[in-house]
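Take a look at the structure set out below.
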Amino acid sequence: MKKQWTNQEVAELLRAVAAAYEVRNASKFKVIAYDRAATSVEHLTTEIKDLWDEGKINEIPGVGPSIAQHLDELFAKGQSSHFREVMKGLPPAMFELIKISGIGPKTAFKLCQSLKIWRKKGALERIKKAAEEGKIRRLPGFGEESERKIKEAVTQAKLKKKEKPRMLLPYAAELAKKIIAYLKSSPWVEDAQPLGSLRRQCATIGDIDIAVKTKKPKKVVAFFLKFPQIKQVLNQGEKKASVVLRNETQVDLRTQDAQTWGSMLQYFTGSKHHNIALREWAQKRGLSLSEYGIKKVKTGKVIRTKTEEEFYRYLGLPWIPPELREDQGEIEAAQKNKLPKLVSIKDIKGDLHLHSDFDVEPSHDLGKDDMETMVKKAAQLGYQYLGFTEHNPSISQHTSQQIISILSRKKELVEKINRTCAKKLNIKVLNGLEVDILPDGRLALPEKAFALLDYVIASVHTSFHQPKEKMTQRILTALDFPKVRFLGHPTGRKLEMREGYEVDWEKVFAKVLKNGQFLEVNAFPDRLDLPDFLVKEAIQHGVKLVVNTDAHQVEHMELMPYGVAVARRGWARKKDIVNTLPWRKFAKVFKIHYN
DNA sequence: GCCGTTTTCGGCCCGACTGTTTTCAGTCG
């Protein structure tokens, strides 16, 4: 039986080859090449096996003729003779060790060789034991301190066998706010900003990066290290420090003075790949970039910038929004002055996915707040319209007649609100429903009930593990039902919980376009679905999106900025999002008939 | 080993911190 290689497995193999080359003291550029190929495969948005089937493996950035040939053999025969050759004679255990923070290829090899640890299985336990027995400190190049650190790292990795979980964006944002507030209470702190993946508004956040503007870096570092929630200091220097908080979150702090603040913001916002690409780009123009500024290689003169705008401007580029800094073509677009003007939270005119407490006797969870409260909130948020879309009444526990009766009552209530409170607030309330897509693609709603609704959200809530073909057909079938305006949380992913289901997106894009429908960007923190890369693909296909909160209580309506952030990361402009349209125009494209 | 808006050859991002060293290699972001 032939092995089905996943992207993660291929990336891990390439990384192992890079490590093997490093131990063998091969050219460091060869090592970097393999490492880059690994990262590139890891970040693919399609399965590498599918690319290979289509003969497109050489289109992967960082994969050239040599690596492509080895991968070809890998997929055809199940293994690559070249990779095997490179790793031959090296202890398999070292490839397990390099997954531990602080242990690189050289250290891993030295440990395995000196301690005679060969097999992968039990490698970590044997390292730990050797450390406890004081054997590591006696090895050349090691000492007591390194032994202690290795023991600690190995022990901790064992505790969290699974990969360290990432935080949801809003959680990380709240935590960062507290740290920033603490830092700003120091007289030496002129400014403090959360940067890194938080500033880029990634869906999940690994650690929190903070930059501080100051003339007294040492004092700021010392002050930071007194933050009450710190559990452990990973490292501390004159201008930076890394710590772990009691909730296991790592926080990295860097300092810079006001004159150099622009380059620090740029450097520490990343992403790493954006920075590398930008530095290579600058290098070709005789410039060398770092957090200290822009250095002219010829003269050695360093240009310091107070703002990020100045930094990019000096490079001859417009300022690039942080959400785009992922080395996904943004530098080229900036150079050609073709960066998109991204949608902003101020553009949003309505929320079309809200669950009120009106009891439709649904199979899924009901909202907590009444319609009037939510309408008032919508007005506060400056919206012109909103739509209530409770889950459909459970079809297993109701007759069609009962369902129609429930939905008739809901229709009357919405009409009443439109005549009273909504009218006063000059806001339109739509009567929608979020309806389950059954495993065969039918919608969980009796035929006659559709007439009672302004629109329907079609969503998958069950049977996530159908094969790609079947899931695609299921969704296509559902989209052809009447009144369906958009597909809710289209991939079904739950961040840090489950992957989305397999779908042929090209076919879904085509169907949605043909039917004049939309795809949702769901702003709920554990969904953020469509994901950013699919937002980008959808837009490239001309598909329009609708950004909603999926609020189940009034406070959730404030989550809209996170949905907008995902859209921005997917290069969405105002015109790509239908609920940026003012009411009349929106009603037309959303096919709502009103008096 | 990869790659091309000065190159199909000759380059390849940049700096901080740590530990074990007497000048630097390894690792990280």
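Protein chains get the first letters and strands the later ones, always in sequence-line order, with residue 1 at the start of each.
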* Structure fact -> Expected list for residues 32-46 of chain A near DNA chain B, using heavy atoms below 4.0 Å, is Ala33(A), Tyr34(A), Arg36(A)
* To do: Return the value, rounded to whole Å, for the distance between atom CD of Glu238(A) and atom C1' of dT18(B).
  => 14 Å
* In whole angstrom, give me the gap between the P atoms of dT5(B) and dC13(B). => 16 Å
* Structure fact -> In whole angstroms, the gap separating P of dG1(B) from CD1 of Ile60(A) amounts to 17 Å
* Asked: Is there a side-chain contact between Leu13(A) and Leu74(A) (heavy atoms, below 4.5 Å)?
  -> yes
* Asked: Starting at NZ of Lys218(A) and ending at C1' of dA16(B), how long is that distance when rounded to a whole Å?
  -> 15 Å
* Asked: Are Arg15(A) and Thr39(A) close enough that a side-chain donor and a side-chain acceptor fall under 3.5 Å?
  -> yes
* Structure fact -> Per nearest nucleotide of DNA chain B, the residue lying toward the 5' end, Leu287(A) or Lys30(A), is Lys30(A)
* Asked: Out of dC2(B), dA16(B), dG1(B), which nucleotide sits closest to the side chain of Tyr21(A)?
  -> dG1(B)
* Structure fact -> Here the distance between atom C1' of dC14(B) and atom CE of Met264(A), to the nearest Å, is 13 Å
* To do: List in chain and number order the residues that pass side chain to side chain donor-acceptor pair (under 3.5 Å) with Glu22(A), two or more places apart in sequence or in another chain; answer none if no residue qualifies.
  => none
* Asked: Got a salt bridge between Lys213(A) and Glu190(A), using NZ or NE/NH1/NH2 to carboxylate O under 4.0 Å?
  -> no
* Asked: Taking the side chain of Ser146(A) as its heavy atoms from C-beta onward, which of dA16(B), dG1(B), dT20(B) lies nearest to it?
  -> dT20(B)
* Watson-Crick or G-U wobble partner of dG19(B), both distances under 3.5 Å -> dC24(B)
* Judged by modelled atom types alone, do Gln201(A) and Arg568(A) share a side-chain donor-acceptor pair under 3.5 Å? -> no
* Given the C1' atoms of dG11(B) and dT6(B), what is the spacing between them in whole Å? -> 13 Å
* **SB check Lys49(A) Glu47(A) (cutoff 4.0 Å)** => no
* Given His273(A), Arg200(A), His274(A), His43(A), the one that forms side chain to side chain donor-acceptor pair (under 3.5 Å) with Glu326(A) -> Arg200(A)
* Whole-angstrom distance between dT23(B) and dC28(B), as gauged at atom P -> 25 Å
* Asked: Between dC14(B) and Ser290(A), is there an OP1 or OP2 to side-chain N/O distance shorter than 4.0 Å?
  -> no
* **Gap between atoms CG and P, on Asn235(A) and dT18(B) respectively (whole Å)** => 5 Å
* When you compare dC9(B) with dC14(B), how far apart are their P atoms, in angstrom units rounded to a whole number? -> 25 Å
* Asked: When you check the gap from the basic side-chain N to the acidic O, do Arg36(A) and Glu280(A) get nearer than 4.0 Å?
  -> yes
* Whole-Å distance between dT18(B) C1' and Glu145(A) CD? -> 9 Å
* To do: Could you state the atom-to-atom distance from CH2 of Trp281(A) to P of dC12(B) in whole Å?
  => 18 Å
* Asked: Of all residues at least two apart in sequence or in a different chain, which pass the ring-ring contact (aromatic ring centres under 6.0 Å, His included) check with His70(A)?
  -> His82(A), Phe83(A)
* To do: For Ile276(A), answer base if it contacts any base atom (sugar-phosphate contacts may also be present), sugar-phosphate if it contacts only those atoms, and nothing otherwise; contact means non-hydrogen atoms under 4.0 Å.
  => base
* Salt bridge present between Glu96(A) and Lys121(A) (N-O < 4.0 angstrom) -> no
* Asked: What's the base orientation of dT21(B): syn (chi within 90° of 0) or anti?
  -> anti
* To do: Using a 4.0 Å heavy-atom cut-off, write out nucleotides 4-10 of chain B from 5' to 3' as B (base contacted by protein), S (sugar-phosphate only) or - (no contact).
  => --B----
* Asked: Given Tyr292(A) and Tyr267(A), is the ring-ring contact (aromatic ring centres under 6.0 Å, His included) satisfied, shown in steps?
  -> CA-CA 9 Å; Tyr292(A) 296 103; Tyr267(A) 158 76; 8.7 Å; no
* To do: Determine the contact category for Glu144(A): base if any of its heavy atoms lies under 4.0 Å from a base atom, sugar-phosphate if only primed atoms, P, OP1 or OP2 are that close, otherwise nothing.
  => sugar-phosphate
* Structure fact -> 5'-most contact on DNA chain B (nearest-nucleotide basis), Glu280(A) vs Ile67(A), goes to Ile67(A)
* Is the phosphate of dC14(B), meaning OP1 or OP2, less than 4.0 Å from a side-chain N or O of Ser288(A)? -> yes
* In plain terms, say whether Lys128(A) and Glu125(A) are close enough for a salt bridge, that is, a side-chain N and a carboxylate O under 4.0 Å apart. => no
* Asked: How far, in whole Å, is dT8(B) from dC2(B) if one measures between their C1' atoms?
  -> 12 Å
* When the C1' atoms of dG26(B) and dT21(B) are considered, how many whole Å apart are they? -> 13 Å
* Asked: For every nucleotide of nucleotides 23-29 of chain B, 5' to 3': is a protein heavy atom under 4.0 Å from its base (B), only from its sugar-phosphate (S), or from neither (-)?
  -> ---SSSB
* Asked: Is Glu310(A) salt-bridged to Arg313(A), going by a charged N under 4.0 Å from an acidic O?
  -> no
* **salt bridge (Lys or Arg N to Asp or Glu O under 4.0 Å) contacts touching residues 62-74 of chain A (sequence neighbours left out)** => none
* **Rounded distance in Å between the P positions of dT27(B) and dT20(B)** => 14 Å
* **Euclidean distance, atom CZ of residue Arg138(A) to atom P of dG19(B) [Å, nearest integer]** => 20 Å
* Asked: Looking for any heavy atom pair under 4.0 Å, which part of the strands does Val31(A) touch: base, sugar-phosphate only, or nothing?
  -> nothing
